[in-house]
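These numbers come from a predicted model, not from an experiment. The figures that follow rest on heavy atoms only: side chains count, while hydrogens, waters and symmetry mates do not.
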Amino acid sequence: MRITHHGEHLLQLTRYPALFPMNCYLVLEEDGLTLVDTTFSSPAPDVERLSGELGLKLRRIALTHAHGDHVGGVSGVRERLAGIEVSIGVRDARLLAGDKAPAPGEPPYSAKGMLPTVPWKPDRLLEEGDRVGSLLVVASPGHTPGHVAFMDTRDRGLIAGDAYQTRGGIAVSGVVRPLFPFPALATWHRPTALRSAEALRALNPSRLATGHGDVLEDPGAAMDGAIETAHRKFGHQRDRS
Ligand SMILES: [Zn+2]
């Protein structure tokens with residue numbers, strides 16, 4: 001995988017950077033490493049090598065959402081490394097268990113995209129405001145019903161999962177970028193995704209790290225532009241998925 005460093009606490013690991021980039025992240029903590037997302041297959045060999053180089057053990061996996069290109073590598077990491085806590089948003093845990101139906105109070109659409117039923121159960125279910133090491137859990141539904149983002153409280157770096165993409169040009173989840181349309185096609189509910197994108201922007205992140213595409217430093221203006229585009233594209237649609 002391609003490895004890049006961003007600030008003091010973040011490494012981006014990218015599978016297939018040229019063709020179909022899928023990112024996961026290592027967050028450096030005093031007690032070890034947190035892996036955010038896993039791509040579609042196990043990143044364990046790269047994680048183990050980096051763990052050795054850094055002298056930090058992998059402690060936990062935190063997942064932004066239940067799509068296969070984010071959770072697919074969990075089993076492989078668990079087989080290689082013992083004692084890893086796996087967490088995901090409480091709502092997306094239902095998708096992992098095979099239940100794609102809308103919950104009471106949600107827009108009446110089933111979740112979209114590749115949603116594998118997995119042979120493991122998360123150890124911890126995350127809610128808005130929880131902490132995973134230095135990361136603050138931020139509810140950001142829309143791409144999936146229970147998508148969460150993670151903001152590093154040390155430097156305001158935001159790991160946004162698929163609430164935004166940066167491959168093919170920055171976009172809010174649900175806005176089709178012709179050079180990389182896949183996250184948009186897998187988006188559950190665009191008006192909800194746009195509200196979440198605005199909430200994430202309001203956090204004033206110092207850095208934007210997405211599930212697909214390069215990390216952006218000082219992303220405020222770019223996020224504003226992406227939100228404006230999403231309003232233009234979704235504006236006429238009211239509450240349709
Ligand atoms: Zn994705």
Test side-chain contact (heavy atoms from CB on, under 4.5 Å) on Thr14 and Met1; report intermediate values, then the result.
CA-CA 5 Å; Thr14 308; Met1 298 172 88; 5.8 Å; no

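- Side-chain contact check for Arg49 versus Ile3: some heavy-atom pair is nearer than 4.5 Å.
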How far apart are the C-alpha atoms of Val138 and Glu128, what are their side-chain angles, what is the distance that settles it, and do they pass the side-chain contact (heavy atoms from CB on, under 4.5 Å) test?
CA-CA 5 Å; Val138 185; Glu128 166 88 8; 4.2 Å; yes

Report the C-alpha separation of Asp155 and Glu8 in whole Å, then their side-chain angles, then the decisive distance to 0.1 Å, and conclude whether the side-chain contact (heavy atoms from CB on, under 4.5 Å) test is met.
CA-CA 9 Å; Asp155 62 2; Glu8 285 177 42; 5.8 Å; no

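- A side-chain donor from one of Asp37 and Thr64 sits under 3.5 Å from a side-chain acceptor of the other.
- Taking the centre of each ring, Phe20 and Phe182 come in below the 6.0 Å mark.
- When side chains are defined from C-beta on, Leu26 does not count as touching Thr34, because their heavy atoms never get closer than 4.5 Å.
- With no hydrogens or angles considered, a side-chain donor-acceptor pair links His143 and Ser173 at under 3.5 Å.
- Taking the six-membered ring where tryptophan is involved, the planes of His70 and His212 are perpendicular, since the angle between them exceeds 60° and thus also 30°.
- Contact annotation: the side chain of Asp31 approaches that of Arg60 to within less than 4.5 Å [non-hydrogen atoms, C-beta and beyond].
- Using a cut-off of 4.0 Å between Lys/Arg side-chain N and Asp/Glu carboxylate O, Arg15 and Asp46 are scored as not salt-bridged.
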Checking Asp123 against Ile84 for the side-chain contact (heavy atoms from CB on, under 4.5 Å) test, could you report, in this order, the C-alpha distance in whole Å, the side-chain angles of both residues, the deciding distance, and whether it holds?
CA-CA 9 Å; Asp123 304 297; Ile84 312 290; over 6 Å; no

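- Using a 4.5 Å cut-off on side-chain heavy atoms (C-beta onward), Val137 and Phe150 make contact.
- The closest side-chain donor-acceptor pair between His231 and Glu198 falls under 3.5 angstrom.
- In this structure, the side chains of Asp92 and Pro145 come closer than 4.5 Å at one or more pairs of heavy atoms.
- A salt bridge links Glu106 and Arg91; the closest N-O separation between the charged side-chain nitrogens and carboxylate oxygens is under 4.0 Å.
- Salt-bridge formation is not detected for the pair Glu29/Arg59: no Lys NZ or Arg NE/NH1/NH2 atom is positioned less than 4.0 Å from an Asp or Glu carboxylate oxygen.
- Counting only heavy atoms from C-beta outward, the side chains of Leu13 and Val47 approach each other to under 4.5 Å.
- How far CG of Asn23 is from CD of Gln12: 4.0 Å, rounded to the nearest 0.5 Å.
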